[in-house]
Undergrad: 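First the structure, then my questions, so here it is.
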Protein chains: 2
Amino acid sequence: MTETPKFRRQAPDARKKDLVKATIRCLEKKGSDGLSVRSISSEAGISVGLINHHYPSKDDLIADAYEKLATDILQNVVDIVAETNGSPREKMSAFFKAYFSSIVLDQKFLRIWIVFWHMSDKSEQVRLSHDKTNAGFRQQIELMLRDLVKSSETPEFNYRLAAIGLSGMLDGLWLEWCLNPDVFSPEEGLMLCEGWVDGLMAGAFKL
Amino acid sequence: MTETPKFRRQAPDARKKDLVKATIRCLEKKGSDGLSVRSISSEAGISVGLINHHYPSKDDLIADAYEKLATDILQNVVDIVAETNGSPREKMSAFFKAYFSSIVLDQKFLRIWIVFWHMSDKSEQVRLSHDKTNAGFRQQIELMLRDLVKSSETPEFNYRLAAIGLSGMLDGLWLEWCLNPDVFSPEEGLMLCEGWVDGLMAGAFKL
DNA sequence: TTTCTTATTGAACGACTGTTCAGTTTTATG
DNA sequence: CATAAAACTGAACAGTCGTTCAATAAGAAA
């Protein structure tokens, strides 16, 4: 007579992936209130103690979740842009469209970022995840901007700085929309980004 | 023989002002860790119970602190702009300069906003304070933009939307600088805002 | 089948949280 | 000077939190 096992073992890497996924689900469901070891372990279907078995501290798990989520979204958007046929300017529009689509611009989804930003101030591990993923994000924007200049009569400008500006406006609009979606519509956010690039091409950030 | 009193009574309004000030000092000193009733009451030199005597809940005190801080800063910057002699465009530059000065652009100071944003997601009272003060902030920007159009050949644009865009970029830049001040300098942030307005005047957000 | 490694459990711990409330003390008023 | 209103105290309460660790059990290796 074979007993049903009380739990199933997993290799550390597989278990860690489970925990990261559970962490993100918790954030989506309950915001920062979901970020307790008890909430996460319950969501993952494991005991409280297991988190500290696989991670030195809870913050390390959260940092992993940050990195996973940010990387996935960036990849997602990069893919969409890559699939877009057209000029660099049109690819840029596709990029904006993806970012202001309901997939990314979801209140429950965006508030995760506020939690992460908040944690960046409290946890060194999360701060490092932020730095890393944000640099990757700006780099992608920079690439698009370079293509833009090559393909048109857009005047030269400081790519690094322009990427920071655009990235900053995107973050700021996300933030505001997340805190109060009644102030402006996703379509209006899109228009603002398009206008920003038009200003850039018109020479607003000329060297 | 007169005994030294164990505590001094204050009128509710005066005490509440003290508590708001103590809350802001706690935030500056310890970030979100300073936002406990024990931390605040200690900073204010009163007992834990007094907070709930004057406020229905801790969140109401924090919402008051949010409003006080945001209103003060806005007033401060508005004053600086009012004292500036020159064209609307020059006043706008004075506005940016004030916002990227070391008074506002201080890491310990900016991170307070992240805490407030984070709390907006958790507390209805704080959310209302955010909505109110943010609307006032955007309104000030809108006023400056209207003056800009009146005084120059700047093409007409959607004032409301433009104010949202500029406000969004300012928030985003604050956020990024606060999370990692090594990515760009205050001077570079200033340049980005100037460029944004130049783009606006060049017709990037034309109707 | 037995042995051994280690993933997993869950109670326990100590520290913290916001709120309550009975009792105390100040201070203005009669 | 007596009285009454209410500002104020601080212990107590019922939670929460992340981490620890001895005990347990799964499952691969011998």
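Just the heavy atoms: all of them, side chains too, but no hydrogens, waters or symmetry mates, feed the values below. The sequence lines fix the lettering, A, B, ..., with proteins before strands; numbering per chain opens at 1.
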Undergrad: What is the distance, to the nearest angstrom, from the CG atom on B/Leu50 to the P atom on C/dG18?
TA: 15 Å

Undergrad: Please report the distance, rounded to the nearest Å, between NZ in A/Lys122 and C1' in D/dC17.
TA: 11 Å

Undergrad: Find every protein N or O atom lying less than 3.5 Å from an N or O atom of nucleotides 28-30 of chain D, and list the pairs.
TA:
none

Undergrad: Do B/Glu67 and B/Thr133 have a side chain donor and acceptor closer than 3.5 Å?
TA: no

Undergrad: Nearest 0.5 Å please: distance from the CG atom of B/Leu170 over to the OH atom of B/Tyr99.
TA: 7.5 Å

Undergrad: Looking at residues at least two apart in the chain, or sitting in another chain, which of them share a side-chain hydrogen bond (donor to acceptor under 3.5 Å, both in side chains) with B/Arg138?
TA: none

Undergrad: If I take atom CE in residue A/Met119 and atom C1' in nucleotide D/dC17, what distance separates them, rounded to the nearest angstrom?
TA: 13 Å

Undergrad: Dump the intermediate steps for side-chain contact (heavy atoms from CB on, under 4.5 Å) on B/Thr23 and B/Asp64, then the final yes or no.
TA: CA-CA 10 Å; B/Thr23 303; B/Asp64 259 21; over 6 Å; no

Undergrad: Testing the 3.5 Å rule here: is there a donor-acceptor pair between the side chains of A/Ser32 and A/His118?
TA: no

Undergrad: Does any part of the side chain of B/Phe157, heavy atoms only, come nearer than 4.5 Å to the side chain of B/Leu200, both counted from C-beta?
TA: yes

Undergrad: Please work out which of the three classes, parallel, tilted or perpendicular, describes the rings of A/Phe116 and A/Trp113, given edges at 30° and 60°.
TA: perpendicular

Undergrad: Between B/Glu176 and B/Asn180, do the side chains contain an N or O donor and an N or O acceptor separated by less than 3.5 Å?
TA: no

Undergrad: At what distance, to the nearest 0.5 angstrom, does OG1 of B/Thr84 lie from CD of B/Glu90?
TA: 9.0 Å

Undergrad: Heavy-atom contacts under 4.0 Å between residues 33-45 of chain A and DNA chain D, which residues?
TA: A/Leu35, A/Ser36, A/Val37, A/Arg38

Undergrad: Would you mind reporting whether A/Met119 and A/Leu35 have side-chain heavy atoms less than 4.5 Å apart?
TA: yes

Undergrad: Give the C-alpha distance, both sets of side-chain angles, the deciding distance and a yes or no for salt bridge (Lys or Arg N to Asp or Glu O under 4.0 Å) between A/Lys17 and A/Asp13.
TA: CA-CA 6 Å; A/Lys17 280 188 183 174; A/Asp13 282 355; over 6 Å; no

Undergrad: I need the CD1-C1' distance between A/Ile46 and C/dT9, as an integer number of Å.
TA: 10 Å

Undergrad: Please list all pairs passing the side-chain hydrogen bond (donor to acceptor under 3.5 Å, both in side chains) test where one or both residues lie in residues 187-199 of chain A, with sequence neighbours left out.
TA: A/Arg89-A/Glu194, A/Arg89-A/Asp198, A/Ser93-A/Glu194, A/Ser185-A/Glu187, A/Glu188-B/Arg160

Undergrad: Report, one pair per line, the protein and nucleotides 25-27 of chain D atoms (nitrogen or oxygen only) whose separation is under 3.5 Å.
TA:
{"residue": "D/dA25", "atom": "OP1", "partner": "A/Lys6", "partner atom": "NZ", "Å": "3.1"}
{"residue": "D/dA26", "atom": "OP1", "partner": "A/Lys6", "partner atom": "N", "Å": "2.8"}
{"residue": "D/dA26", "atom": "N3", "partner": "A/Arg9", "partner atom": "NE", "Å": "3.1"}
{"residue": "D/dA26", "atom": "N3", "partner": "A/Arg9", "partner atom": "NH2", "Å": "3.0"}

Undergrad: Between residues 51-65 of chain B and DNA chain C, which residues have a heavy-atom gap below 4.0 Å?
TA: B/Asn52, B/Ser57, B/Lys58

Undergrad: Rounded to the nearest 0.5 Å, what separates atom CG in A/Asn158 from atom CD1 in A/Ile164?
TA: 7.5 Å

